[in-house]
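Every chain is numbered from 1, with letters handed out A, B, ... down the list of sequences. Note that these values count all heavy atoms, side chains included, but never hydrogens, waters or copies made by symmetry.
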Amino acid sequence: MSKGILYDATMCIGCKQCEQACATENGLPYDDKIAAQDVTSAHKYTTVLTKDDKFMRKLCMNCDDPACASVCPVGALKKTALGPVTYDKHKCMGCRYCMAACPFGVPKYEWDRAVPGVRKCIMCSPRVAAGKPTACAEICPTGATKFGDRDELLKEARKRIEDNPGTYLPHIYGETEVGGTSVLLLSSLDFQKFGYRNDLTERALPLYTYQVLSRIPDFVPIFGVLLGGVYWITHRREDVAEAEGQEKDKDRHSTQDQGGAR
Amino acid sequence: MTLPKFRFTFWKAVFLVIMAAGVYATYVRFAKGLGASTNLSDQFPWGLWIGFDVMCGVMLAAGGFTLTAAVEIFNIKRWHSIMRPTILTAFMGYLLVCAALMYDLGLPWNIWHPLIMRNPHSVMFEVAYCVMLYTTVLALEFSPILFEHLGWKRALKAVRSIMIVLVILGVLLSTLHQSSLGTLYLIMPNKLHAFWYSPLLPVFFFISAIAVGLAMIIFESSMSSKYFGRELELPILRDMGRVLVVVLAIYGILRFEDLLHRGVLHLVFVPGYEQGLFLVEIFLSVLIPLALLMFPKVLNSAHGLYLVAVLTLLGFVTNRLNIAITGVENAVGARYTPKWTEVVITAMFVALGFAIFGFVARFLPIFPEEKAHLPAIRKVTGVRAEVAVPVHAGD
C-alpha cells in the first residue's frame, strides 16, 4: 500500500516544528535565520509559509509518476513502492534535468559545493520503510500533517471537505495534479497564493516524453532499412546507367565502324 | 605541403586572449564549483552551457549527417568534394560538445554512468547514448583522412569496407538525438512558453538541424575559401542554398501550422519580452533567409549565400536559446543572464572550434584540391555522376 502525507492548512498553527524535525532527520542545520527563510533550498527541505493568518507547507510532492525519476538518465531518482521518491548521489552525474523537469520546482542543488548533489525531501524514506511516519507528521502537535495510506488519507480529505464545505476549498491538491502525488494538501485559501500552480496538467508528465521514446524501437529498424533501400536504389541506377552506357558505346563504335569515315 | 611561417595576426591575438581567460575560468569552475562560476540557480538549473554549448553545438554539427546522407545514401556525387571538411566540422563539433558537457555536469567524473545505469524512459539517457555512439561513428568516418595521410593502407581498406554501415548508422543516430534534444522539453508542458512548447518539438529540432547543417556547409566553405585561399565551390553552395529554401519553407509552414492549431497564433501580436525574441528568431531563421534566397542575385553570389547562411545560423541559435532560456523565464519567475565565466568558457569552445579546424585543415588532406590533378581518387567518372544527380527530391 502506497503511503502519503495529508497536510490540512486549516489545522496548522505555523509552529514550524515540522521544519525543525525535518532538519534533524536529514542532518541539516536549523536556527532562527533558517526558520525565517520562506523558500526550500539545498539545506531546507520543507518550509511553512504564512499569509495573514493562513499557513501552507512546501515540500516535495513525491509524485505517483514523478517527472524527476523519469528524466534521470542514470536512475538516481526513484519512486519507491511505499511512496517516497528517493535520490542516490552515487549514481548522479549532475545533469540537473530533474530540476528542469519538476513541475513544482522541488529539487535543489548544492551550487556552492565542488562535489554537488541534488537535495530534496525524500518523504523520510528510511523511516517509512521501517514502518514509522515521516518526521514532520510525527512531530506535528495539531495533526495538520498526517501520515498514512494515501487511499485512506484521500478518503479522509474528501470527508473533511464534505463535512465543512464552508471551511475548505473543494480541491484536494495532489489528488490529480500531474497524475497524482503522495502528498495531499487541503486549504481554505487559493493554493496559487502560496505558489502552487493551478494550471498543471492531470496527465502524468512522463507520458509526454514516453509517447515519443516508445516509438524508437520501431523507428530504428524501419528507418535503417529505408536508408539502406535508398542507398541500394540510387547505386543500382548508377550500375544500370553504366551498363547501358557501355552498350551504347559499343553500338556507337559498331555503327561508326560500319559507316567508316564520313 | 610546406609549413607557412608563423605570423602574429589579429585573430591569433584574440584567440590567445580568449584561451587565457578560458583557462582561468576553467580553474574557477573546477576549484570553486558551479555556484561561483555560473549564474545558475535552483530556478534556473540550465543556462548558457546547455543552451548554447550543447544544444547549439549539436545543431551546428548537423552538416555531417545531412551531407553524408545526401552523398553516400542518395548518391549525389557532385557534392562529394565538400564531404571531408563537413565531416571534420561535425566530428570537432561533437568533441567540443562532450568537452563542454564536462563543465556543465555537477559530477563530470560520473559521465560514464549511463553506460551501466540505464533508464530507458529518460530522453537524456537516449541522447547520451546517441551522442556517444555518433561521436564514435564520426571518428571512424573521419579516420580515412588520417589513415590516408599516414599511409595505413590496411586500416583504410578496413574502414572503407564498412563505410556504408557507418553512414547509415550515423544518419540514424543523428536523426534520433537531434530530434531528442527537442523531446527533452516535452516533459515541461507547464513550464515552456506556448511559442515554443509543442508536441512537434522533436520534428522542429530535426528539420532545423538539417537547415543549420546546410547553412554551416555554406559558412564553413566561405570561411575556408577566405582563409585558406581556396577557390569557392559556388555551384555546390548554390545547391545548398536551393535545398535550404525547401527545408526552411517546410519548417516555416510547420511552425505556422503548429501555432495556428494550438490556438496561440494571436500571441504573436501581443507585445512582450517573449514576443520580441520570438520575432527575432522567426525573422532571422526563416523569413529573411527565404526572402533573400528568392533573388537569383543572392543565390548566385558567394556573398549573398554567406549572408543567408549567417542569418540562418543566428536565427536557429536564437531558437535554441529561446527554448533553453527565454521560454522558461516567465514560468520559473526569474531572469537569467550568464556570468562572465560562462561566456568566456563558451567563447573558448567556439574559438577552439575555429582553431582546431584550421590546424587540422593545414596538416591533413581535408580539401580535394591538393589531389585534384591525381586521377582516380574515386572510382567514379563524370558521366555516371550526371546520371545519379536527379535522385534527390530537394534538388
Using atom types as modelled and distance alone, determine if a side-chain donor or acceptor of B/H113 lies under 3.5 Å from a backbone N or O of A/K91.
yes
Whether the side chain of B/S122 engages the backbone of A/G75 through a donor-acceptor N/O pair (distance < 3.5 Å, no angle test) should be reported.
no
Check each atom of A/Y97 against the heavy atoms of chain B and say whether the ones under 4.5 Å are side chain, backbone, both or neither.
both
Can you tell me if CZ on A/R203 sees more than 12 non-hydrogen neighbours from other groups inside 6.0 Å?
yes
With a 4.5 Å limit on heavy-atom distance, are the side chains of B/L176 and A/F219 in contact?
yes
Counting only N and O atoms by type, is there a donor-acceptor contact under 3.5 Å from the side chain of B/K191 to the main-chain atoms of A/A100?
yes
Under 4.5 Å from a heavy atom of chain B, the part of A/L200 involved:
both
State whether the side chain of B/D42 and the backbone N or O of A/K108 hold a donor-acceptor pair below 3.5 Å, judged by distance alone.
no
Between the main-chain N or O of A/D199 and the side-chain N or O of B/N190, is there a donor-acceptor pair closer than 3.5 Å?
yes
Within a 6.0 Å radius of atom CH2 on B/W340, are there more than 12 heavy atoms belonging to other residues, nucleotides or ligands?
yes
Tell me if a side-chain donor or acceptor on A/D112 pairs with a main-chain N or O of B/G33 at a distance below 3.5 Å.
no
May I ask you to list the residues in residues 193-210 of chain B that approach chain A closer than 4.5 angstrom, counting heavy atoms only, ordered by number?
B/Y197, B/P202
Side-chain ion pair, B/D104 and A/R96, N-O less than 4.0 Å
yes
Knowing that exactly one of A/C95, A/C98, A/C72 qualifies, which makes a side chain to side chain contact (heavy atoms under 4.5 Å, CB included) with B/M124?
A/C95
By a 4.5 Å heavy-atom criterion (distance strictly below it), what part of B/L173 contacts chain A: side chain, backbone, both, or neither?
neither
